[in-house]
Peer 1: 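One structure, as structure tokens, below. Some questions next.
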Amino acid sequence: MKIAPSILSANFLDLQKDIGVVDRAGAEYLHIDVMDGHFVPNLSFGSAAVKAIRPMTDMVLDCHLMVEQPEKYIQQFAIAGADVIGVHVEATPHIHRALAMIRENGCKAEVVVNPGTPLSSIQELLPFVDAVLIMTVDPGFGGQRFIPEMINKIKKIAQLKKDQGLDLEIEVDGGINDQTIKQCAIAGATVAVAGSYVFNSENPSKRVSLLKDLIRDE
């Protein structure tokens with residue numbers, strides 16, 4: 001499983017330092033939560049932040065667009081240096097078009113599904129994506145508790161992946177810590193986003209290393 005620290009919980013005044021810490025600790029992804037204040041209540045990063053971060057690291061920049069009408073922003077995030085762009089199935093009536101745009105702009109396409117949204121809403125999209133992101137909390141805020149019922153959703157998408165012979169990542173986001181990451185790995189997740197567990201600790205590097213050790217054999 002790959003570890004994706006979320007900079008939503010990092011120190012904004014010393015972001016380069018925090019990014020360097022998790023990079024050196026072996027994190028494969030850097031998760032960037034983009035919020036528009038409409039699809040979710042909070043505001044966060046824009047494409048300018050991605051452009052600034054890109055020269056700092058070779059980690060995969062995993063841009064999670066929690067925005068309405070994500071089609072408007074895909075190209076600018078791709079130009080800024082995103083590697084993966086995730087869009088919510090709930091955020092646009094033209095989800096297939098949005099996913100196609102991501103690939104057309106040279107990035108990996110990820111479809112994101114909220115806790116209350118059934119997998120049936122994305123089942124027909126699986127052949128067109130490189131990753132599925134299962135929200136294990138409601139989007140928009142860091143530090144929330146993991147919703148245990150989402151384990152069954154992870155298992156179901158992992159089974160669909162196997163049955164259809166698909167090559168895609170299964171990412172989980174929300175409430176990931178040393179306990180929940182093991183449950184997610186066993187269920188079939190391949191990428192885990194960890195924000196407050198990593199950056200709200202005294203030793204973010206140690207937290208990344210611990211998560212990697214915990215799921216090494218899963």
Peer 1: Would you check if L211 and V198 make a side-chain contact, meaning some heavy-atom pair closer than 4.5 Å?
Peer 2: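 Sidechains of V198 and L211: in contact.
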
Peer 1: Evaluate the side-chain proximity of I7 to F45: yes if any heavy-atom separation is below 4.5 Å, no if none is.
Peer 2: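 Yes; the side chains approach each other to less than 4.5 Å.
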
Peer 1: State whether R54 and D83 are salt-bridged, where the test is any N-O pair (Lys NZ or Arg NE/NH1/NH2 against Asp/Glu carboxylate O) under 4.0 Å.
Peer 2: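 Yes, charged N to carboxylate O under 4.0 Å.
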
Peer 1: When rounded to the nearest 0.5 angstrom, what distance separates CD in E171 from CD1 in I176?
Peer 2: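 If I round to the nearest 0.5 Å, the distance is 10.0 Å.
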
Peer 1: Which value, rounded to the nearest 0.5 Å, describes the distance between K2 atom NZ and K212 atom NZ?
Peer 2: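 If we round to the nearest 0.5 Å, K2:NZ and K212:NZ are 9.5 Å apart.
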
Peer 1: Do V67 and Y73 have side chains that approach each other closer than 4.5 Å (heavy atoms only, starting at C-beta)?
Peer 2: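 V67 reaches Y73 side chain to side chain.
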
Peer 1: Side-chain contact test, heavy atoms from C-beta onward, threshold under 4.5 Å: evaluate it for H64 versus D173 and give yes or no.
Peer 2: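 Result yes, sub-4.5 Å side-chain heavy-atom pair found.
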
Peer 1: Check the pair M56, I19 against side chain to side chain contact (heavy atoms under 4.5 Å, CB included), reporting the backbone distance first and the verdict last.
Peer 2: CA-CA 8 Å; M56 299 179 190; I19 290 172; 3.9 Å; yes

Peer 1: Once rounded to the nearest 0.5 Å, what's the spacing between atom CZ of F146 and atom CD of Q183?
Peer 2: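 If we round to the nearest 0.5 Å, F146:CZ and Q183:CD are 6.0 Å apart.
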
Peer 1: Tell me if the CG atom of D163 is crowded by more than 12 foreign heavy atoms within 6.0 Å.
Peer 2: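 It does: D163 CG has more than 12 such atoms within range.
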
Peer 1: Within the structure provided, determine whether I102 and V87 are in side-chain contact (heavy-atom separation under 4.5 Å).
Peer 2: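 A side-chain contact exists here, since the closest heavy-atom pair is under 4.5 Å.
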
Peer 1: Can you name the nearest heavy-atom pair linking K153 to I134, along with the distance?
Peer 2: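 Taking K153 first and I134 second, the nearest heavy atoms are CD-CG2, 3.8 Å.
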
Peer 1: Does D62 pair with K108 as a salt bridge, N-O distance under 4.0 Å?
Peer 2: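 Between K108 and D62 there is no salt bridge, as every charged N stays at least 4.0 Å from the carboxylate O atoms.
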
Peer 1: Test side chain to side chain contact (heavy atoms under 4.5 Å, CB included) on F39 and E90; report intermediate values, then the result.
Peer 2: CA-CA 9 Å; F39 182 70; E90 305 90 356; 4.1 Å; yes

Peer 1: When hydrophobic residues are tied together by side-chain contacts of less than 4.5 Å, even through go-betweens, does V132 share a cluster with I95?
Peer 2: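 Yes; I95 is reachable from V132 via cluster members.
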
Peer 1: Where do C63 and V50 come nearest, in terms of heavy atoms and distance?
Peer 2: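 Minimum heavy-atom contact is SG-CG2, 3.8 Å.
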
Peer 1: If you count heavy atoms of other groups shown closer than 6.0 angstrom to NZ of K161, is the number above 12?
Peer 2: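 More than 12 within 6.0 Å, yes.
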
Peer 1: In terms of heavy-atom contacts, does CD of Q16 have more than 12 from other residues, nucleotides or ligands at under 6.0 Å?
Peer 2: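 No, the 6.0 Å shell around CD holds no more than 12 heavy atoms from other groups.
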
Peer 1: Taking all atoms of both residues into account, what is the closest heavy-atom pair of L166 and L160, and its distance?
Peer 2: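 In terms of heavy atoms, the two residues are closest at CD1-O, 4.4 Å.
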
Peer 1: Check whether any side-chain heavy atom of P115 sits under 4.5 Å from a side-chain heavy atom of M150, and report yes or no.
Peer 2: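 Side chain of P115 against side chain of M150, heavy atoms only: contact under 4.5 Å found.
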
Peer 1: Check V89 against V111 and note the closest heavy-atom contact, atom names and distance.
Peer 2: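 Reported closest heavy-atom pair: CB-CG2, 4.2 Å.
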
Peer 1: Starting from I53, can I reach M59 by hopping between I/L/V/M/F/W/Y residues whose side chains sit under 4.5 Å apart?
Peer 2: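 The answer is yes; both residues are in one hydrophobic cluster.
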
Peer 1: Grouping I, L, V, M, F, W and Y whenever their side-chain heavy atoms are under 4.5 Å apart, do V60 and L65 come out in a common cluster?
Peer 2: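 No; L65 is not reachable from V60 via cluster members.
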
Peer 1: Looking at Q75, I'd like to know if its CD atom is crowded, meaning that more than 12 non-hydrogen atoms belonging to other residues, nucleotides or ligands lie closer than 6.0 Å.
Peer 2: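 No, the 6.0 Å shell around CD holds no more than 12 heavy atoms from other groups.
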
Peer 1: Return yes if some donor-acceptor pair links the side-chain N/O of S209 with the main-chain N/O of S205 below 3.5 Å, else return no.
Peer 2: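 Yes: the side chain of S209 pairs with the backbone of S205.
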
Peer 1: Can you confirm whether the side chains of T57 and D23 place a donor and an acceptor under 3.5 Å from each other?
Peer 2: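 T57 vs D23: donor-acceptor pair found between side chains.
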
Peer 1: Same cluster or not: Y197 versus L15, using hydrophobic residues (I, L, V, M, F, W, Y) connected whenever any side-chain heavy atoms lie under 4.5 Å apart?
Peer 2: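 Looking at the clustering, L15 is in the same group as Y197.
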
Peer 1: Would you call the rings of H96 and F128 parallel, tilted or perpendicular if under 30° counts as parallel and over 60° as perpendicular?
Peer 2: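 Answer is perpendicular, since the angle exceeds 60°.
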
Peer 1: Does the side chain of T190 come under 3.5 Å of the side chain of E169 through a donor N or O and an acceptor N or O?
Peer 2: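 Yes.
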
Peer 1: Set out, in order, the CA-CA distance, both residues' side-chain angles and the distance that settles side chain to side chain contact (heavy atoms under 4.5 Å, CB included) for I85 and I74, then state yes or no.
Peer 2: CA-CA 8 Å; I85 297 178; I74 287 167; 4.3 Å; yes

Peer 1: Would you say the side-chain atoms of N177 and T180 include a donor-acceptor pair closer than 3.5 Å?
Peer 2: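 The answer is yes; a qualifying pair exists.
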
Peer 1: Taking atom CG of L210 and atom CZ of R207, what is their separation to the nearest 0.5 Å?
Peer 2: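 Answer for the CG-CZ pair, L210 versus R207, is 7.5 Å.
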
Peer 1: Minimum heavy-atom separation for I154 to C184, with atom names?
Peer 2: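 Nearest heavy atoms, I154 then C184: CD1-SG, 3.9 Å.
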
Peer 1: Mind running side chain to side chain contact (heavy atoms under 4.5 Å, CB included) on N152 and K155 for me, showing each step along the way?
Peer 2: CA-CA 5 Å; N152 283 334; K155 289 178 179 177; 4.2 Å; yes

Peer 1: Mind listing the closest non-hydrogen atom pair of F199 and P5 along with its distance?
Peer 2: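 Answer, listing the atom of F199 first, then P5: CE1-CB, 3.8 Å.
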
Peer 1: Can you find a pair of side-chain heavy atoms, one from E28 and one from I3, that are under 4.5 Å apart?
Peer 2: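 Side-chain contact under 4.5 Å: yes.
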
Peer 1: Pick out which of I215, L214, V191 makes a side chain to side chain contact (heavy atoms under 4.5 Å, CB included) with M1.
Peer 2: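 Among the candidates, only I215 passes.
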
Peer 1: Any side-chain heavy atom of S44 sitting closer than 4.5 Å to one from L8?
Peer 2: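 Sidechains of L8 and S44: in contact.
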
Peer 1: Which of these, K72, E71, R97, sits in a side-chain hydrogen bond (donor to acceptor under 3.5 Å, both in side chains) with T92?
Peer 2: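 Going through the options one by one, the only one that passes is E71.
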
Peer 1: How many angstroms lie between atom CG of D213 and atom CG of D178, to the nearest 0.5 angstrom?
Peer 2: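 Atom-to-atom, D213:CG and D178:CG are 12.0 Å apart.
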
Peer 1: Under 4.5 Å between side-chain heavy atoms, counting indirect links through other Ile/Leu/Val/Met/Phe/Trp/Tyr residues: same cluster for V137 and I32 or not?
Peer 2: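 Not linked; separate clusters.
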
Peer 1: Would a distance-only check, ignoring hydrogens and angles, find a side-chain to backbone donor-acceptor pair under 3.5 Å from N114 to T117?
Peer 2: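 The answer is no, because no donor-acceptor pair under 3.5 Å joins these two groups.
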
Peer 1: Okay, side chain of S6, backbone of V193: is any donor-acceptor separation there less than 3.5 Å?
Peer 2: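 Such a contact is absent between S6 side chain and V193 backbone.
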
Peer 1: In Å and rounded to the nearest 0.5 Å, what is the CD to OG distance from Q144 to S196?
Peer 2: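 The OG atom of S196 is 9.5 Å from CD of Q144, to the nearest 0.5 Å.
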
